[in-house]
There are 2 protein chains.
Amino acid sequence: MRTGEFQRNTRQRQVILEELCRLKSHPTAAELHRIVRKQLPKISLGTIYRNLDILVRNDMIQKLDFGGSEARFDGNPNRHYHLRCIQCGRVDDIKDLSTGIMLDDFKRLKGYKIHHLRIEFLGICPECQKKAKTDNKDVRRKKKNRR
Amino acid sequence: MRTGEFQRNTRQRQVILEELCRLKSHPTAAELHRIVRKQLPKISLGTIYRNLDILVRNDMIQKLDFGGSEARFDGNPNRHYHLRCIQCGRVDDIKDLSTGIMLDDFKRLKGYKIHHLRIEFLGICPECQKKAKTDNKDVRRKKKNRR
DNA sequence: ATTCTTATTAGTAATCATTATTGTTACTGA
DNA sequence: TCAGTAACAATAATGATTACTAATAAGAAT
Ligand SMILES: [Mn+2]
Ligand SMILES: [Mn+2]
Ligand SMILES: [Zn+2]
Ligand SMILES: [Zn+2]
């Protein structure tokens, strides 16, 4: 399931992926639309969104969904961390953060004046784990009954 | 400028703050609306949003703005970290994370099955720092000219 | 207490990013 | 050649949040 959700390799999707990967910035869908339109003048914003979504689901890019306003997209599908400007919204990559970080052990990074650090652990809560188990049982039962 | 943006202590604002602080969950504006309406049946959703915004600006609560859909609000204004379920959206607090964390040094936390960790450094980028400096100069010049 | 000022409210409309729908176009495989 | 359908452009719908406006009420002044 890595690659292969989509079966037609359209010019639109090619250009969207190319341009996103070429950019080191982390553009919004609208920004990417403006850029891609230079090559494909009549591509619609809906097509940008639809393809970005497909590319995300296929782990070829990632969506950086900070709250607030527009989501941003990243041509690099590998997990890495970011620096974000709380004034203009600009987003930069952080490369050297592999083994561990100590809080309050930073002040400047790439010329940024750091205000704070946001950390979230993302996972499945106990209730949802339970639910997943019973759901699986249901699926097995249904499969059995089907034949 | 800590407290004192608002000068009238309305019943609406009191109840909103009380209920939010009483809850250990991290409700959305709509959820809080439903709860507060038990005491104030005709309070409008706009009033909830307006007051939450004011309370955030006065550092009395905080807004947890994960991307995706609704923002959540936290009666605890002090910086702390969160566990979030990527299935149902539930948000829990993490208490014991004061000195440092090691990446890949966790698997379970409060019964959650952790999938990944989100880290963002938030600050002011070099360009915005420059801009702030020149802006300050402008302000000083204007003040000087005013008298 | 009564009046006065105006911050705040309830209700509603507007905004804006994103998603869904629709009719059309263009691959694909038989 | 042609049926089936992925993907498209154009446009409408959705949903969270913000803005607007006339009415209300908190708190000061009288
Ligand atoms: Mn990146
Ligand atoms: Mn919390
Ligand atoms: Zn900036
Ligand atoms: Zn859950």
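Below, read A as the first sequence line, B as the second, and so on, with proteins coming before strands; counting in each chain starts at 1.
- A donor-acceptor contact under 3.5 Å links the side chain of A:Arg8 to the base of D:dT5.
- In the set D:dA10, D:dC8, C:dA10, D:dA10 carries the atom at the smallest distance from any side-chain atom of A:Ser44.
- For the pair A:Arg57 CZ and D:dA6 P, the computed distance is 13 Å after rounding to whole Å.
- Considering every non-hydrogen atom in both A:Leu64 and A:His26, the closest pair reads CD1-CD2, 3.5 Å.
- Residue contacts for B:Ala29: at a heavy-atom cut-off of 4.0 Å it reaches no nucleic acid atom on any strand shown.
- A:Asp92 and A:His82 form no side-chain donor-acceptor contact under 3.5 Å, judged by distance and modelled atom types alone.
- Residues B:Arg13 and B:Phe6 are in side-chain contact: their nearest non-hydrogen atoms beyond the backbone lie under 4.5 Å apart.
- Contact check, B:Gln7 against C:dT6: no side-chain N or O comes under 4.0 Å of OP1 or OP2.
- Within the helix from C:dA1-D:dT30 to C:dA30-D:dT1, the inter-axis angle between the opening and closing five-pair segments is 20°, rounded to 10°.
- In terms of phosphate contacts, A:Thr10 brings a side-chain nitrogen or oxygen within less than 4.0 Å of OP1 or OP2 of D:dC8.
- When rounded to the nearest whole Å, the span between NZ of A:Lys42 and C1' of C:dT25 equals 11 Å.
- For A:Arg50 and C:dT19, a side-chain-to-base donor-acceptor distance below 3.5 Å is absent, hydrogens and geometry of angles not being considered.
- Side-chain heavy atoms closer than 4.5 Å link hydrophobic residues (I, L, V, M, F, W, Y) into clusters, and following such links, even through other members, never connects A:Ile94 to A:Val91.
- Atom-to-atom, CD of A:Glu31 to C1' of C:dT18 comes out at 16 Å; the value is rounded to the nearest Å.
- Of the listed nucleotides (D:dA10, C:dT18, D:dT17), D:dT17 has the atom at the smallest distance from the side chain of B:Tyr49.
- For the pair A:Gln12 and D:dA9, the criterion of a side-chain N or O lying under 4.0 Å from OP1 or OP2 is met.
- Nucleic acid contact class of A:Asp53 (heavy atoms, under 4.0 Å, all strands): none.
- Within the nucleic acid shown, A:Ala30 has no heavy atom closer than 4.0 Å to any nucleic acid atom.
- For the pair B:Leu45 CG and C:dT9 P, the computed distance is 13 Å after rounding to whole Å.
- An OP1 or OP2 oxygen of D:dA6 is reached within less than 4.0 angstrom by no side-chain nitrogen or oxygen of A:Asn9.
- Between A:Arg72 and A:Asp74, none of the side-chain N atoms (NZ, or NE/NH1/NH2) sits under 4.0 Å from a carboxylate O, so this pair counts as no salt bridge.
- Salt bridge annotation for B:Arg22-B:Glu19: present, with a cationic side-chain nitrogen under 4.0 angstrom from a carboxylate oxygen.
- With rounding to whole Å, A:Leu32 atom CG is found 15 Å from C:dT18 atom C1'.
- For the pair B:Arg84 and A:Phe121, the cation-pi test (distance below 6.0 Å, angle within 45°) is failed.
- Proximity note for B:Ile43 (side chain, C-beta onward) versus C:dT8, C:dA10, D:dA7: the nearest is C:dA10.
- A straight line from NE2 of B:His33 to P of C:dA10 spans 8 Å, rounded to a whole angstrom.
- Taking atom CZ of residue B:Arg11 and atom P of nucleotide D:dG27, one finds them 13 Å apart after rounding to whole Å.
- Using a 4.0 Å cut-off between charged side-chain N and carboxylate O, A:Arg34 and A:Glu31 make no salt bridge.
- In this structure, CZ of B:Phe73 is placed 10 Å from C1' of D:dT17, rounded to the nearest angstrom.
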